[in-house]
Structure formats: C-alpha cells, structure tokens
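Structure record follows, encoded as structure tokens.
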Amino acid sequence: MPVFKDEDSREVFQNGKEGSVSSERLAFTGRIAAGIAHEIRNPLGNVSMAVQQLKKAFAKESPWAKHIEIIIRNTERINFLITELLNSARPSKLNIQPYDINVILENILYSLKTKLTSQQIEVHKQYCPGFPVIHVDKEQISRAFSNIMLNALESMPDGGSLTIFTETEGDFFTVKIHDTGEGILEEDIIKIFDPFFSTKSSGVGLGLSICYGIVVSHGGIIGVESETNKGTIFTISLPIR
Ligand SMILES: Nc1ncnc2c1ncn2[C@@H]1O[C@H](COP(=O)(O)OP(=O)(O)O)[C@@H](O)[C@H]1O
Ligand SMILES: [Mg+2]
C-alpha cells in the first residue's frame with residue numbers, strides 16, 4: 001500500500017514515465033474558455049429569438065419547418081453547453097459552512113456503492129484521525145470529489161483499487177484519491193482540466209473543469225500525477241478556514 005507523502009508518490013510511479021500537473025498552471029485556459037462562452041451567448045440569444053419568429057411565420061407543413069426545428073434543437077444544445085461551461089468556470093455563490101470532510105467523503109462512497117461492487121473495486125481508506133472540520137460549500141465540494149471518484153471508477157472497468165487518503169497539513173486539509181486504473185497519457189495530462197477535453201467515446205469533458213472551478217473558488221489547489229497502466233492520484237488541498 002503506497003503512502004502518499006509527496007516524496008513517496010514518486011515511488012508509486014517509479015517504473016516508467018510519470019506526468020503531473022497542478023492548478024496554478026491551468027487557470028488561464030479556463031478563463032479564456034469562459035470569456036469565449038460569454039461572448040457567444042448574446043449572438044446565440046439573437047439567433048434563438050429570430051428562429052422562434054420564423055417558426056411562427058411558417059406553417060408546420062411547410063418544407064422549411066424541419067430546417068427550423070434543426071436550428072432550434074442545435075441552438076438549445078449550444079446554449080446548454082455554454083451554460084455548463086460558464087458554471088464550471090464560475091461556480092455559483094458559495095454557501096460556506098463547517099463540515100466534517102471525512103463524512104462528506106463517506107457519503108460519496110456510499111452513493112457509489114453499487115458501481116464499486118459491480119466493478120469489483122476494493123476501497124481503502126486512510127483517513128486522518130478525529131473529526132476534521134473544514135469550511136466548505138458541501139454541495140459543491142461533494143460534486144468535485146464525486147466527479148473525481150467517478151473518473152477513477154471509469155478508469156478501472158476491470159476492477160482495481162481506490163484509496164482515499166486525508167491529512168491535515170498546517171492551514172490546509174488534503175485529500176488524495178488514488179486509483180489503479182489506466183492512467184493518463186503524458187501528452188494529455190496538461191489538457192484534462194480543459195473544458196470539453198475527453199478521451200471517452202461518450203464523455204462530455206466537463207467533470208474536471210467543474211472540479212477545478214470549485215476547488216479554486218474555495219481557495220484550494222488541485223493537482224494530478226499519473227502513469228499509464230499504473231494509476232492516477234488526484235490531490236485536492238483546501239484551506240481549513
Ligand atoms: N482517474 C483517471 N484515470 C484516467 N484518466 C482520467 C482520470 N480522470 C480523468 N481522466 C482523463 O481526463 C479526461 C477528462 O475528464 P472529465 O473532465 O471528467 O471528462 P469525461 O469524464 O467526461 O471524459 C477523461 O476523459 C480522461 O481522459
Ligand atoms: Mg468525468
């Protein structure tokens with residue numbers, strides 16, 4: 001069982017290439033994406049309104065009606081994606097309360113129980129002792145951790161182990177989530193927090209960009225280390241107050 005001290009995490013990946021990236025390097029891409037999304041929103045709104053007028057002007061039987069429906073469907077899809085993207089870059093106002101973070105993690109694991117069992121994933125917990133209370137928005141932090149855990153599960157379709165490690169370090173509380181899944185290619189690691197980056201056939205690619213927004217809006221740091229065919233460790237450090 002690996003011990004996740006910084007110096008030890010290198011040991012976990014000692015055979016082969018290791019990739020890592022952390023949030024300080026990533027803020028820029030998210031801000032650009034949010035900027036573009038914001039600019040697209042207004043013209044898109046105009047397209048939506050105009051096409052609604054066209055819909056009124058043409059009878060249902062008109063040969064143009066189906067084209068109008070296509071425009072409506074696609075503008076709605078773009079609007080959904082843009083909204084998700086903006087939410088990921090700027091999570092809604094935080095409702096900060098004191099919570100025992102180990103309990104938050106336990107609740108997420110409980111909600112994933114069926115998946116964990118059916119995929120034959122062993123769970124190991126190395127929680128720091130006591131009741132580590134930190135000040136967070138419970139809904140949002142839960143969303144961030146569950147996105148990371150879902151990715152971990154998706155990286156281990158044929159079973160493996162998921163280890164959750166927590167510790168208090170000075171003014172920060174750190175959670176490490178380690179899976180023994182497929183890992184992330186070295187060339188991909190810099191892209192995984194980008195909105196819409198996904199290597200999955202049906203992935204939307206917003207899970208980690210949402211996580212990133214949530215962690216950073218809490219004044220925290222998110223980082224990842226990974227090695228292909230060995231596994232991945234996500235590290236989230238949150239200020240205790
Ligand atoms: N634990 C993990 N193991 C392997 N790859 C991962 C892991 N977590 C994230 N990734 C990579 O990061 C990409 C982006 O993740 P995410 O933003 O959650 O989008 P999605 O899950 O929809 O693909 C994934 O498609 C995958 O390539
Ligand atoms: Mg995901």
Side-chain angles (χ1 to χ4, degrees), residues 2 4 9 12-13 16-23 25-34 36-37 77 80-91 105 108-109 111-112 115-116 119-125 139-165 174-217 220-236:
F4 301 109
S9 60
V12 182
F13 301 120
K17 281 185 179 170
E18 175 199 335
S20 72
V21 71
S22 81
S23 48
R25 290 165 64 195
L26 298 161
F28 192 57
T29 339
R31 280 206 307 276
I32 292 181
I36 295 171
R77 173 80 184 148
F80 164 78
L81 291 171
I82 296 263
T83 307
E84 283 289 282
L85 177 62
L86 282 169
N87 287 344
S88 77
R90 258 187 314 232
L105 293 168
I108 299 168
L109 285 171
S111 69
L112 296 172
K115 279 193 176 142
L116 289 163
Q119 278 182 238
Q120 298 190 315
I121 294 171
E122 266 178 47
V123 178
H124 303 278
K125 300 170 199 170
E139 301 302 320
Q140 302 227 16
I141 280 296
S142 302
R143 189 173 186 200
F145 285 129
S146 84
N147 283 352
I148 292 176
M149 288 194 213
L150 274 172
N151 281 339
L153 263 58
E154 284 164 4
S155 81
M156 300 186 283
D158 305 318
S161 86
L162 177 72
T163 306
I164 318 289
F165 172 93
T174 296
V175 179
K176 294 191 187 221
I177 297 168
H178 177 208
D179 67 65
T180 56
E182 64 193 13
I184 303 165
L185 291 175
E186 225 191 340
E187 65 261 34
D188 286 347
I189 208 154
I190 190 76
K191 304 178 210 155
I192 61 165
F193 294 96
D194 291 351
F196 306 118
F197 175 80
S198 178
T199 54
K200 297 167 195 171
S201 52
S202 59
V204 178
L206 282 173
L208 285 181
S209 96
I210 288 169
C211 265
Y212 173 82
I214 293 171
V215 172
V216 169
S217 68
I221 296 171
I222 182 167
V224 60
E225 296 164 75
S226 187
E227 193 188 329
T228 37
N229 300 321
K230 275 210 144 172
T232 302
I233 302 175
F234 277 89
T235 303
I236 297 101

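Both ligands and their constituent atoms are indexed starting at 1 by order of listing. Numbering of residues begins at 1 and proceeds along the displayed sequence. Fair warning: this is a prediction, and the values are worked out from it, not measured in the lab.
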Query raised in the report: Do Lys191 and Thr199 have side chains that get closer than 4.5 Å, going by heavy atoms?
Result: no
Report summary line: In this structure, CE of Met149 is separated from CD1 of Ile177 (nearest 0.5 Å) by 4.5 Å
Query - Euclidean distance, Ser146 OG relative to Ile141 CD1, rounded to 0.5 Å - result: 11.0 Å
Requested in this report: Without swapping roles, check the side chain of Ser226 against the backbone of Ile233 for a donor-acceptor pair under 3.5 Å.
Outcome: no
Query raised in the report: What's the shortest distance from atom 18 (O) of ligand 1 to any protein heavy atom, and which residue and atom give it?
Result: Asn151 ND2, 2.8 Å
Query raised in the report: Any idea which part of Phe193 is under 4.0 Å from ligand 1, heavy-atom wise: side chain, backbone, both or neither?
Result: neither
Query raised in the report: Of all the atoms in ligand 1, which lie at a distance below 4.0 Å from a heavy atom belonging to Gly207?
Result: 16 (P), 17 (O), 18 (O)
Query raised in the report: Which atoms of ligand 1 sit under 4.0 Å from any heavy atom of Ala152?
Result: 1 (N)
**Report entry** N/O separation below 3.5 Å, Ser209 to ligand 1
**Finding:** no
**Report entry** Atoms of ligand 1, numbered as shown, that sit under 4.0 Å from any heavy atom of Gly183
**Finding:** 4 (C), 5 (N)
Query raised in the report: Quick check: does Ser198 get an N/O under 3.5 Å from an N/O on ligand 1?
Result: yes
**Report entry** Close side-chain approach of Phe234 to Val215, heavy-atom, < 4.5 Å
**Finding:** no
Query raised in the report: Of the backbone atoms (N, CA, C, O) and the side-chain heavy atoms from C-beta on, which set of Ile148 has a member under 4.0 Å from an atom of ligand 1: side chain, backbone, both, or neither?
Result: neither
Report task. Would you check if the Mg ion (ligand 2) lies under 2.8 Å from any N, O or S atom of Asn151? Result -> yes
Report summary line: Candidates Thr180, Ile189, Leu208, Val224; heavy atom nearest atom 15 (O) of ligand 1 found on Leu208
**Report entry** Nearest-0.5 Å distance, CD1 of residue Ile148 to CZ of residue Phe145
**Finding:** 6.5 Å
Report summary line: Numbered in order shown, the ligand 1 atoms found under 4.0 Å of a heavy atom of Ile192 are 11 (C), 12 (O), 14 (C)
Requested in this report: Starting from atom 14 (C) of ligand 1, find the nearest protein heavy-atom neighbour and note its residue, name and distance.
Outcome: Phe197 O, 3.3 Å
Requested in this report: Mark the output for Thr232 as yes if a heavy-atom distance to ligand 1 is under 4.0 Å, and as no if none is.
Outcome: yes
Query - Where ligand 1 meets Gly203 - atom numbers and elements under 4.0 angstrom, heavy-atom basis - result: 22 (O)
Report task. Could you check if a side-chain atom of Leu109 sits within less than 4.5 angstrom of a side-chain atom of Lys125, using non-hydrogen atoms only? Result -> yes
Report summary line: At under 4.0 Å between heavy atoms, what of Ser155 touches ligand 1? The answer is side chain
Requested in this report: Considering the heavy atoms of Asp179, write down every atom of ligand 1 situated less than 4.0 Å from one of them.
Outcome: 1 (N), 2 (C)
Query raised in the report: Considering only the protein, which heavy-atom contact is closest to atom 26 (C) of ligand 1, and what is its distance?
Result: Thr199 OG1, 3.4 Å
Query raised in the report: Is the closest side-chain heavy-atom distance between Ile222 and Phe193 below 4.5 Å?
Result: yes
Query raised in the report: Where on Val204 is there a heavy atom closer than 4.0 Å to ligand 1, on the side chain, on the backbone, on both, or on neither?
Result: backbone
Report task. For atom 5 (N) of ligand 1, find the nearest protein heavy atom and state the residue, atom name and distance (0.1 Å precision). Result -> Ile184 CG1, 3.3 Å
Report summary line: Separation between OG1 (Thr232) and CE (Met156), nearest 0.5 Å, reads 9.0 Å
Report summary line: Separation between CD1 (Ile192) and OG (Ser209), nearest 0.5 Å, reads 11.0 Å
Query raised in the report: Quick one: are Asn147 and Leu208 in side-chain contact, heavy atoms under 4.5 Å?
Result: no
Report task. Grab the two heavy atoms, one from Gln140 and one from Ile214, that are nearest each other, plus how far apart they are. Result -> O-CD1, 3.2 Å
Query raised in the report: What protein heavy atom is closest to atom 21 (O) of ligand 1, reported as residue, atom name and distance in Å?
Result: Lys200 NZ, 2.7 Å
Query raised in the report: Taking the side chain from Asp179 and the backbone from Ala152, do they hold a donor-acceptor pair closer than 3.5 Å?
Result: no
**Report entry** Residue Gly205 vicinity, atoms of ligand 1 by number, heavy atom under 4.0 Å
**Finding:** 17 (O), 19 (O), 20 (P), 22 (O)
